[in-house]
Structure formats: C-alpha cells, structure tokens
Amino acid sequence: MRTVAVVGASLAGLSAARSLRKQGYDGRLVVIGDEVHRPYDRPPLSKEFLAGGIGEADLALEPDDEDLQAEWLLGTRAAGLGSAPRSVRLTDGREVRADGIVIATGASARTLPGMDGLAGVHTLRTLDDARGLRDELTRGGRLVVIGGGFIGAEVASTAHTLGLDVTIVEAAPTALAGPLGATMGGIVSALHADHGVRLLCGTGVKGLSGETRVDGVLMEDGRSIPADIVVVGIGARPCVEWLVGSRVQLADGVRCGADGRTSLAGVVAVGDCASWYDPRAGTHRRVEHWTGARERPDAAVAALLSWGESEPGIPRPPYFWSDQYGVKIQFVGNAARADSVTIEDGTVDDRNVLAVYRRAGHPVAVLGMNQPRLFMRWRKQLAARTS
C-alpha cells in the first residue's frame with residue numbers, strides 16, 4: 001500500500017495511525033479530522049476538565065516527541081467515498097485517493113427538538129462543548145441533566161462538587177439499566193441520592209421552556225423543572241451519514257467483522273462508529289469505550305495490511321470506567337448476556353461492591369465500585385476464559 005487514509009482524528013484514528021507505523025507501514029499516511037484540534041482525551045471532559053482541575057494541554061494524546069510522519073487534514077469533514085476506488089471526498093472539495101481506508105469518524109451527541117438556538121442548553125462530546133459548559137457552570141445555579149447514563153451522571157457529579165443545584169431526569173424506570181442491568185444500575189445510580197442530587201426516573205421529557213435562554217424542562221407528566229442550565233445526555237449516534245449510498249454496509253454504524261473489516265475491500269472501521277461482530281454473543285455491536293478505541297485498531301490495521309489474511313482472534317471483553325462522587329466504577333463484559341448477578345464482595349450500603357454477572361453459571365461481566373484490585377483480577381480471568 002502506498003497511501004492509507006484515516007478518516008477521524010480522535011483516539012481511534014490516532015491509535016490506527018500509530019498501529020500502522022508499529023506494524024511496519026512506511027507509506028503515505030493521511031489523517032482527516034472534522035475538528036480543528038489535534039487528538040485529545042475525551043473522558044476528562046466530563047470530570048477533571050469540566051471542574052477546572054486540568055487544562056487543555058493536559059488533554060493532548062500526542063507526546064511532544066511523537067512523529068507519525070502523517071499529513072493532518074484538520075477542520076474538514078468527509079463528505080463521501082469518491083468515484084475512484086478507495087478515495088475520500090472532503091467537504092472542502094478535495095479528494096484523497098488511498099489504497100486503504102480506516103473509518104474512525106466516531107459518534108455525535110443526540111439532541112432534543114427545540115434546543116438549537118436556546119442559550120444555556122448543552123451537549124458534551126467535544127472539547128468545544130466542554131469549554132462552553134465549563135464557562136456556564138462557573139456561574140452556578142440550577143442544572144438539569146436530561147439522561148441518567150454515565151455522561152449525565154459524571155456531569156451531575158462534577159456540577160455537584162462545584163456547588164450547583166442538580167436534578168437528573170431519566171425516562172427509563174431505572175438509570176443505568178442499559179449498561180449495568182436494573183439491579184446494579186439502581187445501586188450505582190443511588191450515588192446521586194447519597195449526595196443530595198435529585199434523580200427523577202420513569203418520566204420522559206416533553207420539551208424545554210424559555211424564549212432566548214432556557215428556564216425550565218417540561219416533563220411528559222405535566223411537571224416543569226426550573227433550570228438555569230440544561231445538559232442533554234441521551235446517548236450518541238454513529239457518524240456514518242457520509243457513507244450512505246456507498247458500498248460500505250451500515251447497520252447502527254459501520255457493520256464489520258471481528259477484525260474490523262467492512263463490506264468493501266481495503267476498508268476497515270474502528271471506534272464508536274464501528275459495529276464489530278462479537279463472537280461471544282454471536283451478534284454485531286458498537287463499543288463506545290476508550291479502551292476499545294485504543295485496542296481494536298491493532299486488529300483492524302493487521303487485517304487491512306494483510307488484505308484480510310490475518311487471524312482476527314477474539315477482541316478483549318469491552319471495559320469502561322467512571323468516576324462519580326469520589327467512587328471509582330469499573331465494568332467489563334456485557335450485562336445483557338447475563339441471567340443472574342451476585343455481589344461477591346463488599347456491601348451495597350458502603351457503595352463498595354464487586355458484582356459478577358453470569359449466564360448459565362459462567363461469568364460474562366463484572367462490576368466494581370471502589371474495588372480496583374479485585375476487579376482487575378476478575379477482568380483478567382474473564383479475558384482469559386473467553387480468549
């Protein structure tokens with residue numbers, strides 16, 4: 001291959017570029033990113049950066065002495081695959097021809113109807129998002145977080161430490177039931193009540209009130225919750241619109257094999273936009289976690305450089321972590337596969353537990369709250385059992 005184009009300049013794209021060089025690719029490398037920023041770390045955006053504990057320089061993913069000998073095309077978006085085999089058309093009119101393409105365009109925050117143009121309403125996905133929200137939080141006031149997932153919970157925790165009055169609204173009966181299951185989702189989300197943050201579950205949001213600036217959240221049950229600031233954290237959608245009409249198969253993202261290969265030869269996908277085949281579950285799924293964006297590009301790049309002749313193996317079980325109210329939450333595996341969950345260590349009242357999810361008696365996932373050592377032992381066991 002003489003030219004490889006990496007479409008996406010966040011962690012997954014950077015990891016792919018690094019893997020290309022690590023695996024011996026010495027040809028032309030083009031990295032395309034829609035943001036003007038060099039690759040940066042996203043997890044701290046909802047925690048340390050939002051709280052003012054670290055600055056933008058601390059988010060940089062590239063050390064000063066790293067040189068991937070890449071061409072960086074930043075501040076421009078991919079518009080589609082070009083007419084030439086394996087080429088990328090850009091919104092600025094340019095076209096990058098390549099022998100191989102890595103799709104790493106990530107995902108974007110979902111929004112609510114009516115929030116555009118209304119001051120005080122935020123999503124949190126990018127550095128620019130975090131800048132705007134951080135400036136608002138320093139003024140204090142009443143914050144309503146729409147969505148009780150991990151991003152919403154982390155923002156709520158950070159805002160609480162900054163002294164804001166915080167309310168979370170979640171349409172589902174139990175927050176975090178999706179990633180953790182109803183039982184453990186209820187236990188983890190109880191951290192909010194422990195710290196005086198209101199969590200309202202089981203009622204959806206009808207809309208927002210305010211003329212030029214938000215002043216409230218209207219609930220479907222008729223209630224109105226006063227708000228000076230609103231954060232919408234209702235999930236993300238894969239950024240794959242630019243691939244519609246191409247020969248790359250789409251299904252909740254870019255549909256891939258267990259090694260990231262797409263339906264188009266010479267094209268692989270990684271990161272939040274990629275729906276990889278999971279041999280354990282026998283289905284495709286997107287993994288929107290930091291570790292997946294860092295680790296899976298190795299397999300995808302190997303498949304790309306070998307034209308699919310490399311052995312894909314089985315990806316490590318998905319892992320993520322969250323820090324809320326001083327509690328470290330770690331999770332590995334897939335809770336949806338479990339038919340039971342048991343607490344193996346610690347106590348619920350102390351929010352200090354190690355829980356194991358099982359299917360037919362076999363572990364398929366593990367959750368830890370302030371149990372880093374025991375959790376890491378279980379994580380290694382789970383990876384070894386399913387490798």
Side-chain angles (χ1 to χ4, degrees), residues 46 107 109-115 118 120-125 133 141-160 164-210 214-237 252 285-286 288 320 322-325 327 329 331 334-343 348-351 353 355 357 365 367 369:
S46 58
R110 295 186 183 277
T111 59
L112 287 174
M115 63 178 280
L118 194 60
V121 184
H122 301 263
T123 57
L124 181 56
R125 188 79 187 181
L133 179 57
R142 299 164 298 183
L143 169 68
V144 176
V145 179
I146 301 174
F150 280 102
I151 287 293
E154 289 171 0
V155 170
S157 173
T158 301
H160 174 265
L164 279 81
D165 179 86
V166 183
T167 300
I168 303 171
V169 294
E170 166 60 49
T174 305
L176 300 175
L180 303 182
T183 299
M184 298 311 301
I187 291 172
V188 173
S189 60
L191 286 168
H192 299 303
D194 293 347
H195 293 83
V197 170
R198 291 177 294 278
L199 174 60
L200 308 178
C201 293
T203 303
V205 171
K206 183 178 180 181
L208 305 174
S209 61
V214 70
D215 59 24
V217 175
L218 307 177
M219 306 297 290
E220 291 181 344
D221 62 6
R223 285 179 293 175
S224 177
I225 304 173
D228 302 301
I229 309 167
V230 170
V231 173
V232 179
I234 54 176
R237 56 178 181 78
D252 185 31
R285 62 185 300 225
R286 287 193 305 116
E288 297 184 50
F320 67 86
S322 178
D323 296 299
Q324 300 172 30
Y325 306 103
V327 176
I329 301 161
F331 185 86
N334 185 355
R337 297 184 59 210
D339 55 31
S340 67
V341 57
T342 57
I343 294 176
V348 171
D349 290 344
D350 292 335
R351 310 293 186 238
V353 301
Y357 299 70
L367 168 70
M369 297 178 69

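In this text, all values refer to a predicted model and were calculated from it rather than measured experimentally.
One finds the CZ atom of Arg125 at 10.5 Å from the CZ atom of Arg110 (value rounded to the nearest 0.5 Å). A distance of 7.0 Å separates CG in Leu133 from CD1 in Ile229, rounded to the nearest 0.5 Å. Here the straight-line distance linking atom CG of Asp349 with atom CZ of Arg351 works out to 6.5 Å at 0.5 Å rounding. Taking CD1 of Ile329 as the reference point, atom CG of Leu191 lies at 5.5 Å (rounded to 0.5 Å). To the nearest 0.5 Å, the span separating CG on Asp194 from CD on Gln324 amounts to 11.5 Å. Summarising the geometry, atom CD1 belonging to Ile168 is positioned 8.5 Å from atom CG belonging to Leu143; distances are rounded to the nearest 0.5 Å.
In this structure, Leu200 and Met219 have side chains that are not in contact, with every pair of non-hydrogen atoms separated by 4.5 Å or more. Inter-residue side-chain proximity for Val169 and Val145 is flagged as unmet; no heavy-atom pair is nearer than 4.5 Å. A 4.5 Å side-chain heavy-atom check between Ile146 and Ile234 finds at least one atom pair inside the cut-off. No side-chain heavy atom of Phe331 sits less than 4.5 Å from a side-chain heavy atom of Met184. At least one side-chain heavy atom of Leu367 sits less than 4.5 Å from a side-chain heavy atom of Val188. The shortest side-chain heavy-atom distance between Leu180 and Phe150 falls under the 4.5 Å cut-off.
Closest heavy-atom contact between Ala335 and Gly181: CB-N, 4.3 Å. Taking each heavy atom of Glu170 and Gly148 in turn, the nearest pair found is OE1-N, 2.7 Å. Between Val166 and Ala159, the shortest heavy-atom contact is CG2-CB, 3.9 Å. Counting all heavy atoms, side chain and backbone alike, Asn334 lies closest to Ala365 at N-CB, 3.6 Å. Across all non-hydrogen atoms, the minimal contact from Val217 to Ser209 is N-OG, 4.5 Å. Closest non-hydrogen pair, Leu218 versus Ser224, comes out as CD2-OG, 3.6 Å.
Relative orientation of the His192 and Tyr325 rings is perpendicular, given thresholds of 30° and 60° on the angle between their planes.
For the pair Arg286 (side chain) and Asp252 (backbone), a donor-acceptor distance under 3.5 Å is present. Remark: side-chain polar atoms of His195 are not paired, donor with acceptor, to backbone N or O of His160 under 3.5 angstrom. Proximity of a side-chain donor or acceptor of Thr174 to a complementary backbone N or O of Ala182 within less than 3.5 Å is not detected. A distance-only check finds a donor-acceptor pair linking the side chain of Thr158 to the backbone of Glu154 [under 3.5 Å].
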Is there a side chain to side chain contact (heavy atoms under 4.5 Å, CB included) between His122 and Val155? Walk through the geometry before answering.
CA-CA 11 Å; His122 301 263; Val155 170; over 6 Å; no

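With Val230 as reference, Val214 is the one residue of Leu112, Val205, Val214 to meet the side chain to side chain contact (heavy atoms under 4.5 Å, CB included) rule.
Between Arg198 and Asp165 there is a salt bridge, since a side-chain N of the basic residue sits under 4.0 Å from a carboxylate O of the acidic one.
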